[in-house]
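Encoded as C-alpha cells, the structure appears first; notes follow it.
By convention in this document, chain letters (A, B, ...) are assigned in the order of the sequence lines, proteins followed by strands, and residues within each chain are numbered from 1. The analysis underlying the following values was restricted to heavy atoms, covering all of them including side chains, and did not include hydrogens, waters or symmetry mates.
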Protein chains: 2
Amino acid sequence: MSTVTKHLQSHQRRPEARPQELLKAALDLFAEKGYSATRLEDVAIRAGVTKGTLYIYFENKAALFRAVVEDGIFPVLDKGEDIVANFAGGTSELLSYMTQTWWTLVGESKLSGICKIMVAEAANFPEMAAYFHNEVIVRGERLARKIIETGINTGEFRAIDIEVAVDSLFSPILKLMLWRHSFANYSQSALEPRAYIEKHLDIVLNGLMAGAKS
Amino acid sequence: MSTVTKHLQSHQRRPEARPQELLKAALDLFAEKGYSATRLEDVAIRAGVTKGTLYIYFENKAALFRAVVEDGIFPVLDKGEDIVANFAGGTSELLSYMTQTWWTLVGESKLSGICKIMVAEAANFPEMAAYFHNEVIVRGERLARKIIETGINTGEFRAIDIEVAVDSLFSPILKLMLWRHSFANYSQSALEPRAYIEKHLDIVLNGLMAGAKS
DNA sequence: TATTAATAACTAACTGGACAGTTATTAATA
DNA sequence: TATTAATAACTGTCCAGTTAGTTATTAATA
C-alpha cells in the first residue's frame, strides 16, 4: 500500500461554481434513478469532482437532496403565486395558463422527477416527506384552492367540494409527470402533453355527460 | 468458528403453506417499504422461516415480486373484466360501481402499494416495468376505454378523446392510492375515499362550470 | 516583482454496515 | 432409511460517509 500516491492530474479549484454544478448533476441523477439508487460518487463524477469534494459543500445525501428541491422548485412556486395574485382574465383562462406554465417549468424539466422520488421514498424517509409535504405540496394545493375558490365566488364554477376539484383538475398532470419517469418507454400516447392538458381541462370544466354545455 | 453448531429449535415442515405465507409477508413489506428497501430476510422472518427457505420457493427477489403481482392483481383484473362484460345498467352507474369495487379490492388493500412500487422503481428495473405495464396497466386501460366507448356509443357521453377521459376519470384514484403509501400521515383529508370518489365522478361527469347540467 | 508561508479545495483510499444470493449441515417426515 | 424442508453461517458486492495526504490559490513579506 503506497502511502506516497501519485496525483497525476491537476485539478481546477472553483469553489463558487461547484455547488450549482453538483446540484445540477444531482437533479439529473435523482430524477433518473430515484433517491436511494443514486450514488453520490456518480453525482460527483458527473459534476467533474470526486465524492470527497461533494461532502465539502453538502453535509450528507439528505442535505443534497433538500438543496436540489429548494433550488429547483421554490422559484417555480414563487412564480405560481405571483401569477395567481396578478392575473386579470377569467378563472378558466387562469387554470389553463397555470397548468401549461407548470408543465413548461416542471413537467418538461428534470424537476418532474422530484415528484416521483417523493412518492417513492416518502415511507422510508419520513423527515424528507414531511418537509416536502409542508413546503411544496401544501403550498401548491393552497394555490390551486385559491383559483377554484375564485371561480366559485365569481359564479363561473359550481359550488363543488374544493379539495376534490383540486384533485380532479391536477391529478392527471401528476400522472403525466410520474409516467414520464416510469412507464414512458412502454406507453406510447397519441397526444402531446400540452394537447392532453387542454383536452383534460375541457372534460373537467364542461363534463363528460352529453348535454353538458359547449 | 465452531463448525459444530447447535440447532436448538425443531422446525415444522409445511411445504404446501409456505408459498402463500411468503407471498403475504412479501406484499406487506413491499407495500410498506418499496421494492429495493425490502429485505428478503425480513420477508422470511415475517413468514416464520429463514431466508434460505425463501429461496427454495422463489428463484430470486424479482421472481418473488412478480409472484406477488400475479397472485394479488390478476384476480382483480379478472373480476373487473367480468363486471364490464356483464353489467346491465347505465354507463355512469357502471363507472361508479367499478371505481368503488376497485377501491375495495385494491385501494383499501395492500395491493395499492404495488402501484407505488412500480412508479418508483420502473426506471431501475425495466424488465419489471415492461411486464407490469403490459400485464396490468394495458389491461386496466383497455377496461376503462371500453366503459367510456360504450358511454359514447349509447349517447350518454360526449364524443371526447377516450385516452384523456380515462385519465381524467382514474388519475385521482391513482393519486389516492399513491398518497396512502406516501403522504398519508401528513395530509389529512376531510373526506373518506368513497365519498371523495363519488364527488370526483360528479365533477368529471357533469363538469365544473356553472350551468353544466345537474 | 519574486519568494514563501498559510489556507482550503480537492483527491484517493479506506471503513463499516447492509444485503442478495449460496452452501454445508441438520432433522422432520414419508 | 431416503428424501428434502429448513437452517445457520457464509461470501461478495455495493455504497454512504471519513480521513490522511496533496496541491492550487491567495496574500503577506522581502
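Between B:Tyr131 and B:Phe74, the ring planes lie tilted relative to each other; the angle falls in the 30° to 60° range.
In this structure, the side chain of B:Ser187 does not engage the main chain of B:Ala184 through any donor-acceptor pair within 3.5 Å. Judged by distance alone, the side chain of B:Ser171 and the main-chain N or O of B:Ser168 form no donor-acceptor pair under 3.5 Å. A distance-only check finds a donor-acceptor pair linking the side chain of A:Tyr35 to the backbone of A:Ala62 [under 3.5 Å]. The closest donor-acceptor contact from the side chain of B:His200 to the backbone of B:Pro172 lies at 3.5 Å or more, if one exists at all.
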Margin query: Please convert DNA chain C into dot-bracket. A pair counts if it is Watson-Crick or G-U wobble with both distances under 3.5 Å; crossing pairs go in [ ] and bases paired with another strand get |.
Written below: ||||||||||||||||||||||||||||||
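Atoms CD (A:Glu41) and C1' (D:dA16) sit 11 Å apart, rounded to a whole Å. Residue A:Asn124 contributes atom CG, which lies 15 Å from atom C1' of C:dC19 at whole-angstrom precision. The separation between B:Glu16 atom CD and C:dA28 atom C1' is 13 Å, rounded to whole Å.
Contacts with DNA chain C (heavy atom under 4.0 Å) in residues 24-40 of chain B: B:Thr38, B:Arg39, B:Leu40, listed by number. Contacts between residues 50-67 of chain B and DNA chain C, counted as heavy-atom distances below 4.0 Å, involve B:Lys51, B:Tyr55, B:Asn60, B:Lys61.
Within the structure, a side-chain polar atom (N or O) of B:Arg18 is placed less than 4.0 Å from OP1 or OP2 of D:dA6.
The salt bridge (charged side-chain N to carboxylate O under 4.0 Å, His left out) contacts involving residues 52-67 of chain B comprise nothing, where partners must be two or more places apart or lie in separate chains.
A salt bridge links A:Glu21 with A:Arg18: at least one charged nitrogen is closer than 4.0 Å to a carboxylate oxygen. Note on A:Glu41 versus A:Arg39: salt bridge recorded, some NZ/NE/NH1/NH2 to OD/OE distance being below 4.0 Å. A salt bridge links A:Arg139 to A:Asp78: one of the charged nitrogens lies within less than 4.0 Å of a carboxylate oxygen. Using a 4.0 Å cut-off between a side-chain N of Lys or Arg and a carboxylate O of Asp or Glu, A:Lys146 and A:Glu81 do not qualify as a salt bridge. Between B:Lys33 and A:Glu121 there is no salt bridge, since none of the side-chain N atoms of the basic residue sits less than 4.0 Å from a carboxylate O of the acidic one.
Listed by chain and residue number, A:Thr53 satisfy the side chain to side chain contact (heavy atoms under 4.5 Å, CB included) test with A:Thr50 (two or more places apart in sequence, or in another chain).
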Find every protein N or O atom lying less than 3.5 Å from an N or O atom of nucleotides 1-3 of chain D, and list the pairs.
none

Margin query: Let's go through A:Asp28 and A:Lys24 carefully: what are the C-alpha distance in whole Å and the side-chain angles of both, what is the deciding distance for salt bridge (charged side-chain N to carboxylate O under 4.0 Å, His left out) to 0.1 Å, and is it a yes or a no?
Written below: CA-CA 6 Å; A:Asp28 286 359; A:Lys24 167 94 172 63; 3.1 Å; yes
